[in-house]
Engineer: 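Could you have a look at this structure, given as structure tokens, before my questions?
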Amino acid sequence: MSPDLWSLYSLMLKSRLFEEASAKLWQEGLISGEMHLGTGEEAIIAGVVSHLKDGDAMALDHRGTAAMLMRGIEPVSLLREFLGYTDGLCCGMGGHMHLFSKEHLVASSGIVGSEGPTVAGFALAAQMLRPETIAVAFFGDGAMNQGMLMESMNLASVWKLPVLFVCKNDGWGITTKSEDASGGDFNDRARGFGIPAVEVDGLDVSKVWEVSGSAIENIRAGQGPTFLHAKCVHFEGHFLGFQPIRVVRNPLKEMPKIAVPLTKSFLRIGGASLGERIAGMKSVMSSVITALRDPRRDTNNDPITRVRAILQSDPIRLKELEDQLEKDINNILRKVLGKVQP
Amino acid sequence: MSPDLWSLYSLMLKSRLFEEASAKLWQEGLISGEMHLGTGEEAIIAGVVSHLKDGDAMALDHRGTAAMLMRGIEPVSLLREFLGYTDGLCCGMGGHMHLFSKEHLVASSGIVGSEGPTVAGFALAAQMLRPETIAVAFFGDGAMNQGMLMESMNLASVWKLPVLFVCKNDGWGITTKSEDASGGDFNDRARGFGIPAVEVDGLDVSKVWEVSGSAIENIRAGQGPTFLHAKCVHFEGHFLGFQPIRVVRNPLKEMPKIAVPLTKSFLRIGGASLGERIAGMKSVMSSVITALRDPRRDTNNDPITRVRAILQSDPIRLKELEDQLEKDINNILRKVLGKVQP
Amino acid sequence: MKTMSFIQAADDALAQAMAENPNIIVFGEDIPLLRRDLLVRFGQKRVRGTPISESAFLGAGVAAAMAGLRPVVEMYMVDFLGVCMDALLNHASKIEAFSGGKWTTPVVVRAPCGGGYGDGGQHEQSLWGMLAHIPGLTVIVPSTPADAGGLMLAALKHNGPVIILEHKLLSKTWLEILGSGARETVQFDIPDDGTKGEVPQKWDPIHIGEAALRREGRDVTIVSLGVSVHRALDAAKKLEAEGISVGVLDLRTVSPLDKKTICKEVKKTGRLLVVDEDYETFGLSGELSAVVLEAGITCKYARVCTQTTIPYNRKLEDQVLPNVERICASVRQLMK
Amino acid sequence: MKTMSFIQAADDALAQAMAENPNIIVFGEDIPLLRRDLLVRFGQKRVRGTPISESAFLGAGVAAAMAGLRPVVEMYMVDFLGVCMDALLNHASKIEAFSGGKWTTPVVVRAPCGGGYGDGGQHEQSLWGMLAHIPGLTVIVPSTPADAGGLMLAALKHNGPVIILEHKLLSKTWLEILGSGARETVQFDIPDDGTKGEVPQKWDPIHIGEAALRREGRDVTIVSLGVSVHRALDAAKKLEAEGISVGVLDLRTVSPLDKKTICKEVKKTGRLLVVDEDYETFGLSGELSAVVLEAGITCKYARVCTQTTIPYNRKLEDQVLPNVERICASVRQLMK
Ligand SMILES: Cc1ncc(C[n+]2csc(CCOP(=O)(O)OP(=O)(O)O)c2C)c(N)n1
Ligand SMILES: Cc1ncc(C[n+]2csc(CCOP(=O)(O)OP(=O)(O)O)c2C)c(N)n1
Ligand SMILES: [Mg+2]
Ligand SMILES: [Mg+2]
């Protein structure tokens, strides 16, 4: 079987437009708190979620919007939840880090790694109550070091639970590089729990679709969990207003705020040797420079551009689809903002 | 270098005699609570601990007596601690699951897996304050599934901490078989964190000594942690008075206590199908039968017998050593029981 | 009438519920052995052993409850909740609120608690005060076989997370496993009325949040729970001989508290003594004083609780845990 | 006189201590970025980033303290202690007791806490009541820059585990990171006196366990801490216009409590109002009522706390957290 690129693209673009619209509302101060976008990881979500069926469950982390949307949760109620409205998906009680839909068996959490226990519990219920249904967890590379996620991989392995563990590896946990925080190799870790591991290019939605399709088939057949490892890039960095991204976008404004106290502290009497100070200064500077060279600036890393390039062979259909999606999003926005909060 | 079998044997036998003496006191009701012996794992402890030097630290679990003793902690104060005396090692406040010696940098805990964070902290202090010193953690196969231990292996890996992680795998976590609780392979797990793994026969003290010797050398040289995996058998089962062992030792007395309520429940109306009940009954019975066939009954699994067989080539020296150790233990007992608790 | 031991009663009520509701499953470490009687009746799928991975399996219990099962998750001891508190603090207790009331987490967590048998400070805690601090959790501490069964059934019918703490001194099984199984040389101060008692022919749920007045008293009201109820009753008998009339109210449920009954009883006597095996500060004993003060009741107040880490030494341990002597002394002080 | 922001003050005191004591190290997630000013002065060995493995690195902090270092362990938020409570509950707080007083665990745990910026119920908790329930922990909640620095220094000199909870509304850094950094379209109810204030030229430790009377009052004594102190002061000003004289006592340390000062102040007014952003039940507000009752003080009592999981919706959130209106209403009620 080969993927239907049109529907995958449609899912991805809709999610992108929806999240960009949300970002604007956040910027305008209508959405409070931390807001983590999934822009850049749409290929992973779309590739996996399009295999899900009724009765399948999902455990999401702090970056759950794309998966909720692609799973078919009503966009208006989702966005009204972001706005904190009492008729939002969770009556304004959860917000964008705590999105829940009982109907779709989807739960999110702001606690890194808790997708592990949650997906294990969903899968246990699937195993006992709904034969051939499965549970999927989406989480990041940072979560791989949280004990409860590792425990859950082991539990899923010994109980042969129908789980797809999806690690969306963007190489970062906030400002910490994955390689500075994680020893060894994630695929080896999964195998160390007796779980087969598959790695796939997370920017290529066809590949994700194929690989996760066959993994999910095995899982439905009762063969126990699989670990899917997919690399991607988050365009907005960790969350909206992320400092390193701000530095990238407006170095003249942001750098002095960082550099002045840094230099003062560097020069203060008492503390490490000059050599160590210089090494420390270099390391701070190199994170800034890394940020400037950030892969997030490179549109080649955009999974949507990639799949679009293929679909351009049919420009008329493409335009139609894109126009339609834009209209849809505008409609959603109108509905969302039109109604005043009760 | 080859090991000094005489001193290793002496360490092991002293520990065995000491623990057997403690077991008697426990049996007499002089020691309260749960008491976990290390009888059967002496080769692992002796092989590792004899490489330790001043400034090295240890993190122990609920089965810490042997390691404390072999590390040189005063036996009288140790045993007086078991008895809860206020002049015991911890003034009677800790007991045999919570043994601490600041002087020797040794800490124990009754929380399975907490040796991980503890050894990481000890090793961090070693790295920063005491060059070339190391920290060792002893824990069981069951602890391998506790998140904080896994997290700590990763932390030790990325911080290149001087840690030797020693997994004493007796195949059991209380009454749960290791293979029912652990997916994959422990060595692979360690490697998945970027930690080299070495497996060794935990009944063979020479091998343990050799393997841990070269591992510790690497660790002292700043090459980061190593995982040492050694299988062994615990003669008394999980702790003193362990039910499966009681069944083995006195089936006529213990079986009815188990079988009568079991059969009653098996026969009650409402519940699983007959087939499932029979399967359940079989599984319970098979754990009992496993217990009857328990490797713990087989003295071939005794690391002390093994090394003793080699030393028998010099029977006079052997007798002298054994007489001396027996005398030592009797002296300890006299000192311990002679003094009345203040 | 039928009599049962404390754990028999809890397990029997659980079995009754399991026979009625096929979605009830039980899991935890060593459960195939510890609940073998349930295993042979309900099968290996519904009675499961777990790895020593409390965060994973407690969190899985919460999620399984959300997805249609009715899990009873067993902890080896309440002390070990330290490694997996997140599942209760940030998930079980909050998801109903987060989902706007649309999704509940009806999980039952069962954990042995309490001291008095010399296991040391990491294995003898009570911690109900800590758990009850979290809005959204129901916390139950039974003191008799009848309550252990009736409240178990109520927990299994409650549409939210419930934690049942079972005191080890009330359970022969635990004591035999943990300290006395192979020897007859140790003795613990076991309250007979708590370990064995009358139970109904068929279990009915006991209303959650209802305290039980175990003894009427005119001079002092002791509010207590778990094993301490029995200590309080013993003390009350002793004090009767001195002419002091002491009432004993057994909370049974820590959260929610039966404020009405508490206030009624304290108002009668004007003297409140809290006897609580949990840590003294920032817990149940404080909350009870707030409850009466909020109700505008003026009373004399004292508490007999555990003030420090529990010592291993048996004598020190008995002094640190609430005991009859400390209770009597406190009552006498209140009478001054 | 010198002025500093809240976090500047805490970091400045920390830097002063680090310059004096080479054994002080700082670690936690993203610390190389969050404490970059310390990093360039004290080097990469002493200012470290960790994996998202709270159990491992908090437990490691406890053990490192035992082995001679003086670790400051940073949690991203106090809410995340749920995944690693064991390190505090069963280790940091107990090892001094277990070792017969021979071995201490002088670790400082630093965690942002508190709500008021719309991050939802898993990221805005206070939890000091839960932490203070554990014997052996010292829990500090500063409300001004001067206290943030002085108490940080005291924590670093204390021979036992100390937890310092820093309210996010008092920290420009946190608010800019978490919600307002890239936009000027949001506004939070930030107490100016808490976010910026006078600090000494050189830091001296502030005695742990000493409350500070922020305002004298004759009619009602408000006992509070953290951001709520500022809410209470605002309320007191408002009530003054109504002719009600309200005193405000800032606890600064939750455990140990400054019982003497609390009792002295409450005795003066005969009315105690606890204003506490932590959960209402089984926590600080209850403990304070027990403290006054134990001292035999008769008083009217009320509390303004957080009663439920904190809602995401900003309006609901502001109603659930203690605010000036609720405080005023409660004071008026007490005056009836
Ligand atoms: C237990 C816990 N620790 C720390 C945090 C703070 N935190 C939120 S997101 C995050 C980084 C997560 O990184 P990753 O899992 O790679 O996901 P990504 O954000 O990169 O998608 C951290 C540390 C948290 N929410 N929960
Ligand atoms: C966190 C935690 N969970 C559960 C327990 C109860 N418990 C004590 S020892 C033990 C089994 C440990 O097995 P293993 O690590 O293999 O060590 P062994 O006893 O076999 O030497 C368990 C489950 C505990 N002490 N701590
Ligand atoms: Mg990431
Ligand atoms: Mg084992």
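Being a predicted model, the structure only gives us computed values, none of them experimental. Per chain, numbering begins at 1; letters A, B, ... match sequence-line order. The figures that follow rest on heavy atoms only: side chains count, while hydrogens, waters and symmetry mates do not.
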Engineer: Under a 4.5 Å heavy-atom cut-off, does chain B meet the side chain of A:N187, its backbone, both or neither?
Structural biologist: neither

Engineer: One thing to verify: whether B:R220 and B:E132 come together as a salt bridge, which I'm taking to mean a side-chain N less than 4.0 angstrom from a carboxylate O.
Structural biologist: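 No.
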
Engineer: Between B:A190 and chain A, which part of the residue has a heavy atom less than 4.5 Å away: side chain, backbone, both or neither?
Structural biologist: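 Nothing of B:A190, per the 4.5 Å heavy-atom cut-off to chain A.
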
Engineer: Mind ranking A:M153, A:Q146, A:E179 by heavy-atom pairs under 4.5 Å with chain B and telling me who comes out on top?
Structural biologist: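 Between A:M153, A:Q146, A:E179, the count favours A:Q146.
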
Engineer: Where is the tightest heavy-atom contact between B:G202 and B:I44, given as atom of each residue plus distance?
Structural biologist: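 Residues B:G202 and B:I44, closest heavy atoms: O-CG1, 3.5 Å.
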
Engineer: With A:E199, which of A:K207, A:K231, A:R191 fulfils salt bridge (Lys or Arg N to Asp or Glu O under 4.0 Å)?
Structural biologist: A:K231

Engineer: Answer with side chain, backbone, both or neither: which region of A:A156 has an atom nearer than 4.5 Å to a non-hydrogen atom of chain B?
Structural biologist: neither

Engineer: List the steps, then state whether ring-ring contact (aromatic ring centres under 6.0 Å, His included) holds for B:H62 with B:H98.
Structural biologist: CA-CA 8 Å; B:H62 52 285; B:H98 317 106; over 10 Å; no

Engineer: With chain A as the partner, which of B:N154, B:D188, B:N145 has the greatest number of non-hydrogen pairs under 4.5 Å?
Structural biologist: B:N154

Engineer: Within the supplied structure, the quantity of interest is the number of heavy atoms (other residues, nucleotides, ligands) at a distance under 6.0 Å from A:Q223 CD; does it exceed 12?
Structural biologist: yes

Engineer: Hey, which of A:S157, A:S182, A:S152, A:G113 has the most heavy atom pairs under 4.5 Å with chain B?
Structural biologist: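 Most heavy-atom pairs under 4.5 Å with chain B: A:S182.
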
